[in-house]
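A short worksheet on the structure shown next.
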Amino acid sequence: MKRVAIFGASGCGRGVLPLARKQLEADNREYDLVFVDDRPGSELINGHQVLSYEEWLSQPASSQHINIAIANSVIRERLVERCVSDGVQFFQVRASNVVELDDVKIGDGAILCPFVTLTSNIRIGKHFHANIYSYVEHDCVIGDYVTFAPGVKCNGNIHIEDHVYVGSGAVIKQGAPGRPLVIGRGAFVGMGAVVTKSVPPNTTVVGNPARPMEKA
Ligand code: UDP
C-alpha cells in the first residue's frame, strides 16, 4: 500500500489535501491519504484520518510519501529534515489547472495551488508554496522554502532568496536581464505591497512603494 500524507492539518493542509487526492485518483494505484500532525486536534478532518507522525510512520507500507503543507518556512524546513532522516519521500502537489510553460525546474515537495501560473525559464528551489492565483514570470530564480500567499505577482527577472515570505496580493516589479530585483534571504513582504526595488535580507517591507517597516 502506498501511504501518502499531508503534514499539517490546519488551514494550509486542508487546502492542499484535496489537490493531492485528485492527483492520486488519476494515478490508479492503491493508496491511503491522511493528514499528519504533531498536535492532532481531531481524528477525522474532511473525511480523512489525522495521525501523529509516529503513528503514520509505523504503518506497514510499500512506500511513504509526504508533502509539508505548513506556511511557516522555518517549521517546514525542520519537518523536512525529520522526514529525510526517516527515509520518507517528498511529492509535489499540483492543481490540475496550473499553467507551466518552457524550461521550468522546481525542487522537491512544492505546492502549486489552483490558478498558479509559471511562465518560462524559471528556477525554483525546494518546498516552494505558491498559493492560489499566484504567478511567477520569466527568468525568475526562487530559493528554498519560499512562500507565496494568494495572489502574488512575481514579475520577470526577479531573484527571491531562501525563506522569503510574500504576502497576499503583493506585486514585485520586474528586474532586467543581468540586473534582477533581489528579495534577500528571510525577507517578509507585507500583503498588498508594491515592491519597486531590491529588499535586503531579513527585512520586512510594506506599502506602496514598499518600504522597510518602522520599528515600534
Ligand atoms: N505542526 C506540526 N508540527 C510542528 C509545527 C506545526 O504538526 O512542528 C502543525 C500544527 O499542529 C498545526 C499546523 O502544523 O496543525 C500549522 O497550522 P497553522 O494554522 O499554524 O499554519 P498553516 O496551516 O496556515 O500553515
Side-chain angles (χ1 to χ4, degrees), residues 3-23 32-59 61 64-95 98 106-116 124-134 136 142-152 154 160 162-170 183 185-193 204 206:
R3 302 245 175 232
V4 185
I6 299 299
F7 209 139
S10 189
C12 183
R14 281 184 283 116
V16 167
L17 185 138
L19 304 174
R21 187 172 64 226
K22 225 172 168 187
Q23 283 174 211
D32 176 58
L33 175 63
V34 300
F35 289 102
V36 159
D37 202 288
D38 289 319
R39 273 162 284 150
S42 54
E43 283 179 18
L44 213 59
I45 293 180
N46 296 339
H48 291 264
Q49 262 193 306
V50 188
L51 303 177
S52 72
Y53 178 67
E54 291 73 21
E55 280 174 315
W56 180 68
L57 262 192
S58 67
Q59 292 185 323
Q64 286 165 308
H65 308 259
I66 207 159
N67 182 287
I68 317 286
I70 295 175
N72 182 311
S73 68
V74 174
I75 295 177
R76 201 147 83 229
E77 183 169 23
R78 204 172 63 224
L79 296 178
V80 163
E81 283 164 7
R82 193 156 128 198
C83 293
V84 166
S85 69
D86 290 320
V88 175
Q89 301 175 56
F90 300 106
F91 74 104
Q92 183 185 96
V93 176
R94 173 185 292 240
V98 166
I106 310 178
D108 282 346
I111 297 174
L112 305 174
C113 289
F115 302 100
V116 162
I124 297 176
K126 297 185 284 189
H127 301 279
F128 176 54
H129 281 193
N131 214 316
I132 50 175
Y133 292 100
S134 290
V136 180
I142 294 182
D144 295 334
Y145 302 102
V146 170
T147 310
F148 283 5
V152 168
C154 178
I160 300 189
D162 299 350
H163 287 283
V164 166
Y165 180 91
V166 186
S168 186
I183 312 278
R185 182 187 166 91
F188 185 100
V189 176
M191 63 180 170
T204 296
V206 295

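If you're wondering where the values come from, they're calculated on a predicted model, not measured in any experiment. Read the numbers this way: they start at 1 and go in the same order the structure lists the ligands and their atoms.
Using modelled atom types, one side-chain atom of Gln23 and one backbone atom of Gln92 make a donor-acceptor pair closer than 3.5 Å. In this structure, the side chain of Arg94 does not engage the main chain of Ala110 through any donor-acceptor pair within 3.5 Å.
Looking only at heavy atoms of the protein, atom 14 (O) of ligand 1 is closest to Ile70 CD1, 3.2 Å. The protein heavy atom nearest to atom 18 (P) of ligand 1 is Ser10 OG, 3.6 Å. The protein atom (non-hydrogen) at minimum distance from atom 6 (C) of ligand 1 is Arg39 NH2, 3.7 Å. Counting protein heavy atoms only, atom 15 (O) of ligand 1 is closest to Asp37 OD2, 2.6 Å.
A 4.5 Å side-chain heavy-atom check between Asp162 and Glu77 finds every atom pair outside the cut-off. You'll find the side chain of Arg82 reaches within 4.5 Å of the side chain of Asp38, heavy atoms only. At a threshold of 4.5 Å between non-hydrogen side-chain atoms, the residues Phe115 and Ile132 do not count as touching.
Remark: of the listed residues Phe90, Tyr145, Phe148, Phe148 is the sole one forming a ring-ring contact (aromatic ring centres under 6.0 Å, His included) with Phe128.
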Criterion side-chain contact (heavy atoms from CB on, under 4.5 Å) on Val136 and Ile160, from CA distance to verdict: CA-CA 11 Å; Val136 180; Ile160 300 189; over 6 Å; no
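Ligand 1 has no nitrogen or oxygen under 3.5 angstrom from a nitrogen or oxygen of Arg82. Ligand 1 has a nitrogen or oxygen under 3.5 angstrom from a nitrogen or oxygen of Asp38.
Against a heavy-atom cut-off of under 4.0 Å, Ala71 is close to the following atoms of ligand 1: 25 (O). Close contacts between ligand 1 and Gly11 involve ligand atoms 23 (O) [criterion: under 4.0 Å to a heavy atom]. Of all atoms in ligand 1, listed by their number and element, those nearer than 4.0 Å to a heavy atom of Arg78 are 8 (O).
When the options Cys12, Ser73, Gly15 are ranked by their closest heavy atom to atom 24 (O) of ligand 1, first place goes to Cys12.
Contacts between Phe7 and ligand 1 below 4.0 angstrom, taking non-hydrogen atoms only, involve the side chain exclusively. The proximity of Ile75 to ligand 1, defined as any non-hydrogen pair under 4.0 Å, is limited to the side chain.
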Show the atom names and distances, to 0.1 Å, of all donor-acceptor pairs under 3.5 Å that link a side chain in residues 11-21 to residues at least two apart or in another chain.
| from | atom 1 | to | atom 2 | distance (Å) |
| --- | --- | --- | --- | --- |
| Arg14 | NE | Ser10 | O | 3.4 |
| Arg21 | NH1 | His48 | NE2 | 3.0 |

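In this structure, atom 20 (O) of ligand 1 has no protein heavy-atom contact shorter than 4.0 Å.
Taking the six-membered ring where the residue is Trp, His65 and Phe91 present perpendicular rings, their angle passing 60° and hence far from 30°.
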